[in-house]
S.K.: 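Submitted below is the structure of interest, expressed as structure tokens.
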Amino acid sequence: MSKFQTSIPRGTRDFPPEVMIKRDYLFEILKSVFEKYSYLPLETPAFEMLSVLEGKGGDENEKLMFRILNSGDFLQPLAQSYNPENLFKNGYTEFSSLIAEKGLRYDLTIPFARFVAMNHATLSFPFKRYQIQPVWRADRPQKGRYREFYQCDIDVAGSKSLFYEAEILVVIRNVFEMLNIKQVTTFINHRKILLGVTQALGMENKFFEITDIIDKMNKIGMEKTLNELSTIGMTQENISTITGMFSIFGSFAEKLLTLINLFPDNKNISEAVSDLNMLYNYAKAMGIEENEFQIDFTLARGLGYYTGVVMETKIKEDAISICGGGRYDDLTGVFGLTGVSGVGISFGAERIYDILEEKKLFPETDKSKVSVLIASMDSQGEIAGVRLLAELRKKQIRAVILPGESKLKKQLAYADKNNILFVLILGPDELANNSFTLKNMTTGEQKIVGSLEEVYTNISNNPDNLKQ
RNA sequence: GUGAUUGUAGCUCAGCCGGUUAGAGCAUCAGAUUGUGGAUCUGAGGGUCGUGGGUUCAAAUCCCAUCAGUCACCCCA
């Protein structure tokens with residue numbers, strides 16, 4: 001074997017056939033559920049103008065963005081209008097804006113917002129779409145995280161109704177039911193609760209810092225959280241108020257009641273509580289059970305644009321987040337279209353895939369996708385085999401042949417390695433007798449059959465072969 | 001962006017107190033078996049030890065640099 005050098009960029013993956021079959025299974029379920037709830041398919045370009053992508057997700061995201069170098073001689077115009085000494089003076093971000101005007105998308109929400117803003121005149125609202133496409137982030141990959149990965153988003157644009165938050169809970173339930181993933185819970189909070197609390201404590205100016213810290217609460221624990229709060233200057237009194245808030249237990253309604261008693265005069269908190277009550281009523285009306293969702297006052301979710309309900313779905317036993325989303329009141333505002341409220345959620349396909357793998361929840365059938373290999377031993381048999389191949393394919397049976405191969409051993413080994421269920425042998429004896437030898441590769445049994453009809457019946461009746 | 005760790009055959013790794021010709025398992029190919037896969041046995045091919053430099057009589061082994069992978073942090077799906 002000669003030496004060759006190949007590699008793929010860090011954080012990217014090939015998806016070989018056996019993996020693609022499983023990924024397709026997952027994506028098909030997501031699509032079918034999304035469509036059941038009347039979300040419409042949408043795809044947008046892999047790359048967008050930097051003017052669309054920049055300034056939307058905060059500095060963090062921009063650092064993680066892959067930029068696309070302008071085509072052609074991008075240096076020529078620079079040389080004409082810039083003094084070389086000034087070119088690099090203001091750092092790489094300014095320089096890169098001179099040589100790149102496109103970038104790969106790093107999420108699906110911003111392209112969606114752009115699409116809505118661009119087409120608002122022709123869309124009818126509320127507009128519900130789903131989108132399953134890869135996104136790219138230039139950060140350092142680690143376990144379960146990649147630089148190219150798929151996002152599966154559903155969003156509703158143009159309605160403020162909490163009905164859609166509740167409907168999203170139904171979609172989540174339905175998806176995980178179909179995937180046989182049990183014990184999922186969706187944690188719910190409202191950004192206005194966090195905002196109201198910081199207001200009530202007189203620390204509104206530190207809203208983002210505070211939400212950041214309490215968002216990590218489940219990860220780093222109560223003690224460290226309180227520590228961090230005091231390091232940003234929160235008084236002991238305020239900290240104990242926060243502690244009190246985190247210690248609220250009980251049902252959905254009880255938690256809200258306790259909260260409103262703690263902060264009776266805050267407008268944001270009363271709005272949030274009213275929203276959450278509305279969500280609760282819609283959810284119950286749609287048949288969502290009490291154990292499928294619960295309030296978590298520590299849930300913040302990092303993204304800057306959330307303004308209302310935020311949610312995150314986890315599996316109870318491993319506390320890994322598998323879905324996350326929320327409402328953004330002014331999704332399209334940055335594109336000049338104000339007053340369009342959006343709510344959406346993203347399914348973490350890569351993580352869900354890992355869970356299905358861990359829990360062995362992928363269906364066993366349909367591994368190979370090929371039902372029959374036609375084996376021959378000479379050119380006469382090969383031609384007869386090719387004719388047979390065409391017949392089988394007409395009957396929707398997945399069949400293959402190894403042209404130019406006369407060794408039966410090799411043909412059987414190929415069928416074995418590729419999980420092909422049957423081998424149909426067409427040797428000189430069979431040709432002479434006008435028959436076929438049909439070998440079942442799973443059991444090893446083989447029998448001589450006289451007609452194509454019989455072959456067809458045998459293959460169709462195999463329980464492993466139900467899926468075509 | 002920060003920190004840790006690892007680079008030896010297609011894959012997983014051993015060898016690393018410097019010392020002949022760098023090993024194993026799996027995989028591949030051939031044969032045992034010229035009409036029968038998985039199992040077994042026999043044999044074969046496959047390496048500038050990530051790259052560059054340094055120390056030394058001598059480097060896969062020690063030192064430095066560099067590149068790449070992995071993991072964790074930040075952030076996030």
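Every chain is numbered from 1 and lettered A, B, ... according to where its sequence line falls, protein lines coming before strand lines. Computed from heavy atoms alone, side chains included, the values below leave out hydrogens, waters and symmetry copies.
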S.K.: Distance between the C1' atoms of B:A77 and B:G3, in whole angstroms?
M.R.: 24 Å

S.K.: Roughly how far apart, to the nearest Å, are B:G69 and B:U8 at atom C1'?
M.R.: 15 Å

S.K.: Expressed as a whole number of Å, how far does the P atom of B:C64 sit from that of B:U20?
M.R.: 25 Å

S.K.: Rounded to whole angstroms, how far apart are CG on A:Asp215 and P on B:C76?
M.R.: 8 Å

S.K.: Please report, rounded to the nearest Å, how far the C1' atom of B:C75 is from the CG atom of A:Asp107.
M.R.: 14 Å

S.K.: What is the separation between atom CG on A:Leu108 and atom C1' on B:C76, rounded to the nearest whole Å?
M.R.: 14 Å

S.K.: Using whole Å, report how far CZ of A:Phe208 lies from C1' of B:C75.
M.R.: 15 Å

S.K.: Taking the six-membered ring for Trp, does A:Phe149 stack with B:A77 (centroid gap under 5.5 Å, planes within less than 30°)?
M.R.: yes

S.K.: Can you check each nucleotide of nucleotides 33-40 of chain B against protein heavy atoms at under 4.0 Å and return B for base, S for sugar-phosphate only, - for none, in 5' to 3' order?
M.R.: --BBBB--

S.K.: In whole Å, what is the span from the CG atom of A:Asp212 to the C1' atom of B:C74?
M.R.: 10 Å

S.K.: Write down the protein N/O and nucleotide N/O pairs, taken from nucleotides 68-71 of chain B, whose separation is under 3.5 Å; answer none if there are no such pairs.
M.R.:
residue	atom	partner	partner atom	Å
B:G69	OP1	A:Arg10	N	3.0
B:G69	OP2	A:Arg10	NE	3.3

S.K.: Under the side chain to side chain donor-acceptor pair (under 3.5 Å) test, which residues partner A:Lys160, sequence neighbours left out?
M.R.: none

S.K.: For A:Leu69, give me all partners under side chain to side chain contact (heavy atoms under 4.5 Å, CB included), at least two apart in sequence or on another chain.
M.R.: A:Phe74, A:Ile99

S.K.: With a sphere of 6.0 Å drawn around CE of A:Met49, does it hold more than 12 non-hydrogen atoms of other residues, nucleotides or ligands?
M.R.: yes

S.K.: What residues form a side chain to side chain contact (heavy atoms under 4.5 Å, CB included) with A:Thr12, not counting sequence neighbours?
M.R.: A:Ile8, A:Pro9, A:Glu148

S.K.: With sequence neighbours left out, write down each residue that passes side chain to side chain donor-acceptor pair (under 3.5 Å) with A:Lys206, or none if nothing qualifies.
M.R.: none

S.K.: Could you pull out all residues at least two apart from A:Ala166 that satisfy side chain to side chain contact (heavy atoms under 4.5 Å, CB included)?
M.R.: A:Leu279, A:Tyr282, A:Ala283, A:Met286

S.K.: Check A:Arg129 with A:Asp155, please: is the shortest side-chain N to carboxylate O separation under 4.0 Å?
M.R.: yes

S.K.: Which pairs with one or both residues in residues 429-456 of chain A pass salt bridge (Lys or Arg N to Asp or Glu O under 4.0 Å), sequence neighbours excluded?
M.R.: A:Lys395-A:Glu453

S.K.: Which residue pairs pass the salt bridge (Lys or Arg N to Asp or Glu O under 4.0 Å) test with at least one member in residues 108-118 of chain A, sequence neighbours excluded?
M.R.: A:Glu48-A:Arg114

S.K.: I need the full list of salt bridge (Lys or Arg N to Asp or Glu O under 4.0 Å) pairs touching residues 132-145 of chain A, with sequence neighbours left out, sorted by first then second residue.
M.R.: A:Asp139-A:Arg145

S.K.: Please name all residues satisfying salt bridge (Lys or Arg N to Asp or Glu O under 4.0 Å) with A:Arg13, sequence neighbours left out, ordered by chain then number.
M.R.: A:Glu350

S.K.: For atom C1', what is the distance between B:A9 and B:G54, given to the nearest Å?
M.R.: 28 Å

S.K.: Please measure how far the P atom in B:G7 lies from the corresponding atom in B:C49, and state the result in whole Å.
M.R.: 15 Å

S.K.: Using whole Å, report how far NZ of A:Lys407 lies from C1' of B:C29.
M.R.: 11 Å

S.K.: Rounded to whole angstrom units, what separation is found between the OH atom of A:Tyr306 and the C1' atom of B:C76?
M.R.: 11 Å

S.K.: Find the distance A:Glu228:CD to B:C73:C1' and express it as a whole number of Å.
M.R.: 13 Å

S.K.: Could you give the distance separating B:A59 and B:G53 at their C1' atoms, to the nearest angstrom?
M.R.: 13 Å

S.K.: When you look for runs of 3 or more Watson-Crick or G-U pairs in a row, both distances below 3.5 Å, which of them include RNA chain B?
M.R.: B:1-7 with B:67-73, B:10-13 with B:23-26, B:28-32 with B:40-44, B:50-54 with B:62-66

S.K.: Taking only the P atom of each, what is the distance from B:A22 to B:U36 in whole angstrom?
M.R.: 41 Å

S.K.: Between B:C62 and B:U55, how far apart are the C1' atoms? Round to whole Å, please.
M.R.: 8 Å

S.K.: Any salt bridge between A:Arg67 and A:Glu54, counting N to O under 4.0 Å?
M.R.: yes

